[in-house]
There are 2 protein chains.
Amino acid sequence: MPRGNCRGQGWWHGKFRGCGYRLTLGREVILDVLSKAEGHLSAEDIYMKIHPRYPNVGLTTIYRTLDVLSDLGMVFKLDFGDGRARYEFAEGPKGAHHHHHLVCTGCNKVIDYTDFIDDEVELLNQTEKGLSKKYNFKITNHLIQFYGLCEKCSEKK
Amino acid sequence: MPRGNCRGQGWWHGKFRGCGYRLTLGREVILDVLSKAEGHLSAEDIYMKIHPRYPNVGLTTIYRTLDVLSDLGMVFKLDFGDGRARYEFAEGPKGAHHHHHLVCTGCNKVIDYTDFIDDEVELLNQTEKGLSKKYNFKITNHLIQFYGLCEKCSEKK
DNA sequence: TTTAAAAATGGAAATCATTTTCATTAAGGA
DNA sequence: TCCTTAATGAAAATGATTTCCATTTTTAAA
Ligand SMILES: [Mn+2]
Ligand SMILES: [Mn+2]
Ligand SMILES: [Zn+2]
Ligand SMILES: [Zn+2]
């Protein structure tokens, strides 16, 4: 968590201000949690992590902030089909860590993978180009996910 | 819509009975609507189509039936991110019509595409094989979607 | 520093697709 | 036809997310 006495010094201060957003305590704390989180957090997960130390940041603000962060491209909003959105920090310009997800339909575990990304990106580019032309569709984004059973869950079965 | 006098004669009668399910009027009608539908219908879409002629088939039954049909693999449950599930008839063994979707984030229009499916399938197989081995993850399913703006929506902008 | 406009906030209430409950009905084997 | 059990519909419950609105905070101007 950021020290309360050096607010607004993070590298993302500029990103906020540049888009007319104000960098508030709530936003900074949420961003901080996300940037340090391992997995894929739901709004409530974030609320739980923050609440003990910042009991006056409400769940509503978390939802609103996550929307803003998604708009700014600082966070990805993910849907693994369990009825609640998950959020993931979009690494800065340095660690642009393009990856996709393996989702276990047994226990909802999610594995990040980067394997085959090169071939994938190649196919994706080709596909995007072709589809853009054929359907006059401007593709801005893609979603690739694999579903199945993780090691533990296939053993159980 | 099926004629009321020849119930249970459809090619899917066996599929139901084989899995211990009963073939009811509601299920038959829902399947019929889906098999003839062009696009991607929500539960309520289906309800609207059915209700005039079969006013005693409730929305609850539609949800339940769609679950059954998904389990049987006769229908695909889709999520285009607009907060309601969509359903699509999974063509029988004949017209196995593997395709993915272009989703317009402007107007929610969805385009089916089959282009590049061959290269895609090849990459997918390779990826699935590699990931299965590396993570001991049994992949049963994949999701690929492209998001962007359709022709009309990019003009508007 | 003072001030005023705009943005952000939190808590409560609303939304709304989907699920659950439960009493009733219908399917299909015997 | 009879009986067991699956299937059904209506109403109520659920639960993640959004909306409302009165209050607070931020920021730029004076
Ligand atoms: Mn991830
Ligand atoms: Mn389709
Ligand atoms: Zn699992
Ligand atoms: Zn569009």
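Quick note on labels: first sequence line is chain A, next is B, and so on, each numbered from 1. Here the structure is a predicted model, which means the values were calculated and not measured. The figures that follow rest on heavy atoms only: side chains count, while hydrogens, waters and symmetry mates do not.
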Take atom OH of B/Y47 and atom P of C/dT18, then tell me their distance rounded to the nearest Å.
15 Å
In whole Å, what is the span from the CD atom of A/E44 to the P atom of D/dT14?
16 Å
Do A/L41 and A/Y47 come within less than 4.5 Å of each other through their side chains, counting heavy atoms only?
no
Is the A/H40 ring parallel, tilted or perpendicular to the A/H99 ring (thresholds 30°, 60°)?
tilted
Separation of D/dT26 P from A/H13 NE2 (nearest whole Å)
12 Å
In whole Å, what is the span from the CD1 atom of A/I62 to the C1' atom of D/dA16?
14 Å
Between C/dT19 atom C1' and A/D82 atom CG, what is the distance in whole Å?
16 Å
Atom CD of A/Q126 with >12 non-hydrogen neighbours under 6.0 angstrom:
yes
Side chains of B/S70 and B/D67 only: does a donor on one sit below 3.5 Å from an acceptor on the other?
no
I need the CG-P distance between A/D67 and D/dA16, as an integer number of Å.
17 Å
Does B/Y63 place a side-chain N or O at less than 4.0 Å from the phosphate oxygens OP1/OP2 of C/dT18?
yes
Atom CZ of B/R86 to atom C1' of C/dT18: distance rounded to whole Å?
15 Å
Any idea which of C/dG11, C/dT20, C/dG28 is nearest the B/L23 side chain?
C/dG28
For nucleotides 5-9 of chain C, give me every protein contact, N/O to N/O, under 3.5 Å, one pair per line with atom names.
unit_1, atom_1, unit_2, atom_2, d
C/dA7, O4', A/R22, NH1, 3.1
C/dA7, O4', A/R22, NH2, 3.2
C/dA8, OP1, A/R22, N, 3.3
C/dA8, OP1, A/R27, NH1, 2.9
C/dA8, OP1, A/R27, NH2, 3.3
C/dT9, OP1, A/T24, OG1, 2.7

For B/Y113 and B/F146, take the angle between the two ring planes, folded into 0 to 90°, and tell me which bin it lands in: parallel under 30, tilted 30 to 60, perpendicular over 60.
tilted
Among side-chain atoms of A/H142 and A/E120, is any donor-acceptor pair under 3.5 angstrom?
no
So, OP1 or OP2 of D/dT14: does either fall under 4.0 Å of a side-chain N or O from A/R84?
no
Rounded to the nearest angstrom, tell me the gap between atom CG in B/L78 and atom C1' in C/dT18.
17 Å
Minimum-distance nucleotide to A/R17 side chain [options: D/dT18, C/dT18, D/dA28]
D/dA28
Could A/D45 and A/K49 be called an ion pair, given the rule that one side-chain N must be under 4.0 Å from one carboxylate O?
no
